[in-house]
Amino acid sequence: MGLSFVSFSSGVFSVYQQPHEGFQEKSTLPTIKQKPAATSPAPGDESKSVPLPQGWRCYKSPEGCRYYVNTGSKETTWERPSATYGTPVRPPAQRNSLPEELNAISLLSSSSFPSSSPFDVSQKPLSLVSHSLEFVSLFLCIQINCVTFPLPSVMPDQPEQQLLKPNEWSYCDYFWTDKKDPQGTPSVGGFEVLLQKQLKGKQMQKEMAEFVRERIKIEDEYSKNLSKLSQSPLAAQEEGTLGEAWAQLKRSCHDEAEVHLKFSNKLQCEVEKPLLTFRDNFKKELKKYDHHIIDLRKQLASRYAGVEKARKALADRQKDLEVKTQQLDIKHMNKHEEDIKKARRKSTQAGDDLMHNVDLYNRAQSKWFEEMVTTSLELERLEVERVEMIRQDLRQYTTLRHETDMFNQSTVEPVDQLLQSVDPAKDRELWVQEHKTGELRPVDMDI
């Protein structure tokens with residue numbers, strides 16, 4: 001026995017029984033009585049002048065049948081209680097029962113949704129497991145792509161679900177339902193949305209590594225060109241202080257080429273390589289989580305199909321039992337009673353099969369839920385690591401860039417100093433001393 005719940009599928013609300021660990025059926029507990037065969041009172045048969053016993057109330061199921069609820073003990077029955085009808089007392093901890101749910105569905109079908117709503121169940125059949133059950137908890141729920149979700153808007157007394165990690169916007173709290181594609185393609189699972197986010201991050205990391213690689217190529221080419229330029233013979237014959245400054249400028253080109261070559265090597269070792277290494281490990285982690293969750297979701301879909309098949313089988317058995325009951329012939333009572341017993345046993349077996357399949361479904365969904373929480377938190381951790389790693393790599397890039405600028409500055413500082421020492425007069429003096437041809441000037445010729 002266990003937890004009872006209601007699901008909506010193909011326009012039909014159905015009551016399922018969800019196994020509940022630790023629950024044991026007790027024969028002393030009030031149970032819903034079997035609906036009497038072919039004896040349901042027609043509307044208006046009860047005498048309106050005769051009130052119900054104290055504590056009893058009358059409701060109608062979505063099928064239009066009257067049923068009665070003892071508001072104190074929560075006992076339910078299809079038969080109208082008489083003035084001397086007993087009112088067994090239920091322990092305080094066992095007060096949830098089927099008729100309150102029936103009343104909720106009745107209210108749902110008459111007022112909660114408009115008549116055109118797909119949730120209108122006023123004309124839909126209600127399939128009930130024909131066992132004496134103790135319903136320890138009850139709530140309305142809906143299946144979306146084989147996953148069961150509650151309908152809190154229909155059950156205002158049902159406590160709202162609390163976030164697993166409040167105020168953190170965690171992955172494990174916001175990706176349970178599937179997302180509809182606006183372009184009309186099949187819906188995408190919440191985990192698939194998370195996975196796409198991670199795959200996009202992996203692609204962005206790849207593109208960042210490509211960007212750094214292009215920068216490395218530029219630095220390598222720049223270094224080669226600077227080194228080549230520093231060996232150029234252009235203006236090599238410049239003399240004096242200006243010639244010294246020019247020679248230093250050419251040497252600074254060579255030094256700057258060395259700086260950019262070192263910058264290129266450090267970019268490759270300290271930025272590009274860590275980006276690619278982390279990306280490869282990240283890719284392996286994603287594949288592991290991807291296949292695992294997909295397999296669990298397939299198992300859940302398979303269990304859901306089993307529940308649907310068992311529910312249909314139960315409905316067929318109940319229908320067969322109802323037909324045989326209505327065909328009861330006094331002349332062949334013994335034979336028909338035996339047929340009815342067989343039909344009832346088959347209906348009971350179908351109900352047991354349904355409960356078993358629901359149990360398997362709930363176990364599969366519980367496993368999927370646990371793995372979804374664990375995996376989404378792992379993906380969250382991987383995303384944090386990815387962002388932090390890239391942030392550190394980019395900070396290393398800017399650090400190397402600053403260092404390169406400092407080294408470049410140091411290569412041109414001697415040039416600046418020599419340029420400040422350039423003196424045209426001094427250069428003229430030095431040049432004249434080295435290249436003078438004579439100090440005697442021409443004079444007039446005498447006769």
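Taking CG of Leu379 as the reference point, atom OH of Tyr171 lies at 7.5 Å (rounded to 0.5 Å). We find the CG-OG distance between Leu321 and Ser347 to be 5.5 Å, quoted to the nearest 0.5 Å. Of the inter-residue distances, the one linking Leu394 atom CG with Thr399 atom OG1 reads 10.5 Å to the nearest 0.5 angstrom. If you take CZ on Phe191 and CE on Met372, they are separated by 7.0 Å, rounding to the nearest 0.5 Å. We find the OG1-CZ distance between Thr374 and Phe369 to be 9.5 Å, quoted to the nearest 0.5 Å. Put simply, OG on Ser410 and CG on Asp255 are 7.5 Å apart, with the number rounded to the nearest 0.5 Å.
The minimum heavy-atom distance linking Ala364 with Arg303 is given by the pair CB-CG, 3.7 Å. For Leu261 against Asp220, the heavy-atom pair with the smallest separation is CD1-OD1, 4.1 Å. Residues Gly351 and Leu314 come closest through the heavy atom pair N-CD1, 3.6 Å. The heavy-atom pair separating Pro274 from Asp393 by the smallest distance is CB-OD2, 3.8 Å. Between Ser252 and Thr411, the shortest heavy-atom contact is CB-O, 3.1 Å. Considering every non-hydrogen atom in both Cys253 and Leu226, the closest pair reads O-CB, 3.7 Å.
Annotation: side chain of Lys202 is in contact with side chain of Leu199 (closest heavy-atom distance under 4.5 Å). The shortest distance between side-chain heavy atoms of Val373 and Trp176 falls below 4.5 Å. Residues Lys200 and Gln196 form no side-chain contact, since every pair of their non-hydrogen atoms from C-beta on lies 4.5 Å or further apart. Using a 4.5 Å heavy-atom threshold, the side chains of Trp56 and Arg80 count as separate. Taking 4.5 Å as the limit, every side-chain heavy atom of Met389 sits out of range of all side-chain heavy atoms of Gln392. Residues Val193 and Lys197 form no side-chain contact, since every pair of their non-hydrogen atoms from C-beta on lies 4.5 Å or further apart. At a threshold of 4.5 Å between non-hydrogen side-chain atoms, the residues His260 and Asn408 count as touching. The closest side-chain heavy-atom distance from Asn145 to Arg297 is below 4.5 Å.
Within a 6.0 Å sphere centred on NZ of Lys250, heavy atoms belonging to other residues, nucleotides or ligands number more than 12. No more than 12 heavy atoms of other residues, nucleotides or ligands lie within 6.0 Å of NZ in Lys367, so this atom counts as exposed by the packing criterion. The environment of OH in Tyr174 is crowded: more than 12 heavy-atom neighbours from other residues, nucleotides or ligands sit within 6.0 Å. When the shell of 6.0 Å around CD of Glu388 is examined, it contains more than 12 heavy atoms from other residues, nucleotides or ligands. Around CZ of Arg57, the count of heavy atoms belonging to other residues, nucleotides or ligands within 6.0 Å does not exceed 12. Around atom NE2 of His292, more than 12 heavy atoms belonging to other residues, nucleotides or ligands sit under 6.0 Å away. Applying the 6.0 Å contact sphere to NZ of Lys266 captures no more than 12 heavy atoms from other residues, nucleotides or ligands.
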Walk me through it: do Glu413 and Gln409 pass the test side-chain contact (heavy atoms from CB on, under 4.5 Å)? CA-CA 6 Å; Glu413 284 178 358; Gln409 181 65 30; 3.9 Å; yes
Could you give me the CA-CA distance, side-chain angles and deciding distance for Glu214 and Lys217, then say whether salt bridge (charged side-chain N to carboxylate O under 4.0 Å, His left out) is met? CA-CA 5 Å; Glu214 288 300 316; Lys217 291 180 180 179; 3.7 Å; yes
Please evaluate residues Thr148 and Tyr361 with respect to the criterion side-chain contact (heavy atoms from CB on, under 4.5 Å), reporting the C-alpha separation (whole Å), side-chain torsions for both, the decisive distance (0.1 Å), and the verdict. CA-CA 10 Å; Thr148 304; Tyr361 168 84; 2.6 Å; yes
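Residues Glu221 and Lys224 are not paired through a salt bridge, judged by the lack of any N-O separation under 4.0 Å between the basic side chain and the carboxylate. A salt bridge links Arg311 to Glu308: at least one charged side-chain nitrogen sits closer than 4.0 Å to a carboxylate oxygen. Note on Asp316 versus Lys312: salt bridge recorded, some NZ/NE/NH1/NH2 to OD/OE distance being below 4.0 Å. Electrostatic pairing of Arg381 and Glu378 counts as a salt bridge here, judged by a charged N lying under 4.0 Å from a carboxylate O. Using a 4.0 Å cut-off between a side-chain N of Lys or Arg and a carboxylate O of Asp or Glu, Arg363 and Asp359 qualify as a salt bridge.
Side chain to side chain, Gln203 and Glu207 meet the donor-acceptor criterion of an N or O pair below 3.5 Å. Donor-acceptor pairing under 3.5 Å is recorded for the side chains of Asp353 and Gln349.
Screening residues 163-174 for salt bridge (charged side-chain N to carboxylate O under 4.0 Å, His left out), with sequence neighbours left out, gives Lys165-Glu168, Lys165-Glu380.
No donor-acceptor distance shorter than 3.5 angstrom exists from the side chain of Glu270 to the backbone of Gln396, with no hydrogens or angles considered. Formation of a donor-acceptor pair under 3.5 Å by the Ser366 side chain with backbone atoms of Asn362 is not found in this model. In terms of modelled atom types and a separation under 3.5 Å, the side chain of Gln365 and the main chain of Val147 share no donor-acceptor contact. Not one N or O on the side chain of Ser227 forms a donor-acceptor pair closer than 3.5 Å with the backbone of Ser223.
Applying the side chain to side chain contact (heavy atoms under 4.5 Å, CB included) test to Arg215 and every residue at least two apart in sequence or in another chain returns Glu219, Phe263, Leu267, Tyr397, Arg401.
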